[in-house]
Amino acid sequence: MVEEALIVGSFALAALATVLLVRILRRNRRRRGAPTGRLNDRLAETHTVERTHLERPPRVSELATVGRTDDGAPVVVPIVEVELGSTEPPSEELAFEFVASVLRAIHPELSERSVRHYDVRFRFGPSGLLVSRNCMRIAVTPALAERLVAEDDYRPRDLRRAVRRADDGDEAEAPVLWGECRSY
């Protein structure tokens, strides 16, 4: 009798834990999904197949929280994935065309948030069971993104020059020109 009560109690406790876990996961998904969903909608509007020749538009895979401001607001790094249908990395010129179009689409949407930098990742190369695609990133500061959005005569080539000049080799701090993809 005691054994049966323990078994029933264990099942009830496991069911309660499962329900609580599902609720927590749903709440966290809603919190993360709303801002990235809006950003992904903007990217889908501005990066059609006809315009970019990408099989699918870039997408914000994560708004990584990397710190807090003095008033407790999150400091984020938007991570944007650009899937290329090629085995070779894109030229710098083409990569910065994508970076510029991504920033023009999402930077205005994030103007009210504290952004450390934008992390645009390019995935290319073969994929399969034993091999994964290569991933390289370009990281851009919000100040450079603002210039790109606000100044009509600031072009992707200007952004490329600015990132190249300011990249000090530290792959943790933006700007970064062709750094390895990393976790936050």
Trainee: Val82 versus Leu84: any side-chain heavy-atom pair under 4.5 Å?
Mentor: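 Yes, at least one pair of side-chain atoms sits under 4.5 Å.
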
Trainee: For the pair Glu109 and Arg38, find out whether any cationic side-chain nitrogen is under 4.0 Å from an anionic carboxylate oxygen.
Mentor: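 Arg38 and Glu109: salt-bridged.
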
Trainee: Please report the interatomic distance CZ(Arg160) to CZ(Arg155), rounded to the nearest 0.5 Å.
Mentor: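 Spacing of CZ (Arg160) from CZ (Arg155) equals 14.5 Å.
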
Trainee: Run the side-chain contact (heavy atoms from CB on, under 4.5 Å) check on Val99 and Phe122 step by step: do they pass?
Mentor: CA-CA 10 Å; Val99 170; Phe122 295 89; 3.9 Å; yes

Trainee: Can you hop from Val149 to Leu144 via hydrophobic side chains spaced under 4.5 Å?
Mentor: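 Looking at the clustering, Leu144 is in a separate group from Val149.
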
Trainee: At their closest point, which heavy atom of Leu43 faces which heavy atom of Pro57, and how far apart are they?
Mentor: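 Heavy-atom minimum between the residues: O-CB, 3.9 Å.
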
Trainee: Would you mind checking if Glu171 and Arg137 are paired as a salt bridge, meaning a charged N to carboxylate O distance below 4.0 Å?
Mentor: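 Between Glu171 and Arg137 there is no salt bridge, as every charged N stays at least 4.0 Å from the carboxylate O atoms.
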
Trainee: Rounded to the nearest 0.5 Å, what's the gap from CD1 on Ile138 to CG on Asp119? Could you check?
Mentor: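 Output value for this atom pair is 10.0 Å.
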
Trainee: Kindly check if the number of other-residue, nucleotide or ligand heavy atoms within 6.0 Å of CD (Glu93) is above 12?
Mentor: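 Not more than 12 within 6.0 Å, no.
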
Trainee: Quick one, Met136 and Arg121 - any side-chain contact, counting heavy atoms below 4.5 Å?
Mentor: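 They are not in contact (no side-chain heavy atoms under 4.5 Å apart), so the answer is no.
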
Trainee: Do Val102 and Val176 sit in one hydrophobic cluster, given that two such residues count as connected whenever their side-chain heavy atoms are within less than 4.5 Å of each other, even indirectly?
Mentor: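 Shared cluster, no.
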
Trainee: Does any pair with a residue in residues 37-128 pass disulfide bond (SG atoms under 2.5 Å apart), and if so which ones, sequence neighbours excluded?
Mentor: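 Residue pairs with at least one partner in residues 37-128: there are none.
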
Trainee: Would the number of heavy atoms belonging to other residues, nucleotides or ligands and lying under 6.0 Å from CG of Asp71 be above 12?
Mentor: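 Counting other residues, nucleotides and ligands, CG of Asp71 exceeds 12 neighbours.
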
Trainee: So which heavy atom on Val140 is nearest to which on Ala145, and how close?
Mentor: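 Minimum heavy-atom separation between Val140 and Ala145: CG1-N, 4.1 Å.
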
Trainee: When clusters are formed from ILVMFWY side-chain contacts under 4.5 Å, directly or step by step, what else is grouped with Tyr184?
Mentor: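 Members besides Tyr184, by chain and number: Val66, Val75, Val77, Ile79.
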
Trainee: Report yes if the side chains of Glu81 and Pro58 come closer than 4.5 Å at any heavy-atom pair, otherwise no.
Mentor: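 No, side chains not in contact.
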
Trainee: Got a second to check how far Arg147's CZ is from Asp158's CG, nearest 0.5 Å?
Mentor: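 Result: 7.5 Å between the selected atoms.
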
Trainee: Minimum heavy-atom separation for Ser86 and Arg133, please, with both atom names.
Mentor: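 Scanning both residues completely, I find the closest heavy atoms to be O-NH2, 3.6 Å.
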
Trainee: Using a 6.0 Å cut-off, check whether atom CD of Glu151 has over 12 heavy atoms from anything other than its own residue.
Mentor: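 Above 12, so yes.
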
Trainee: Any side-chain heavy atom of Val80 sitting closer than 4.5 Å to one from Ser61?
Mentor: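 Val80 does not reach Ser61 side chain to side chain.
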
Trainee: List the atom of Pro175, the atom of Thr141, and the distance in Å for their closest heavy-atom pair.
Mentor: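 Heavy atoms of Pro175 and Thr141 come nearest at CD-CG2, 3.9 Å.
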
Trainee: If you measure from CG on Asn134 to CZ on Phe124, what distance do you get to the nearest 0.5 Å?
Mentor: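 Asn134 atom CG to Phe124 atom CZ measures 4.5 Å (nearest 0.5 Å).
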
Trainee: Test Thr36 against Glu62 for side-chain contact (heavy atoms from CB on, under 4.5 Å), laying out the working first.
Mentor: CA-CA 7 Å; Thr36 59; Glu62 180 181 5; over 6 Å; no

Trainee: Would you please classify the geometry between the His107 ring and the Tyr118 ring as parallel, tilted or perpendicular, with 30° and 60° separating the classes?
Mentor: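 Ring orientation of Tyr118 relative to His107: perpendicular.
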
Trainee: How long is the gap from CG on Asn40 to NE2 on His47, to the nearest 0.5 Å?
Mentor: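 If we round to the nearest 0.5 Å, Asn40:CG and His47:NE2 are 11.5 Å apart.
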
Trainee: Working to the nearest 0.5 angstrom, can you tell me the gap between Cys181 SG and Arg123 CZ?
Mentor: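 Output value for this atom pair is 5.5 Å.
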
Trainee: Would you mind reporting whether Arg56 and Glu83 have side-chain heavy atoms less than 4.5 Å apart?
Mentor: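 The answer is yes; the side chains approach within 4.5 Å.
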
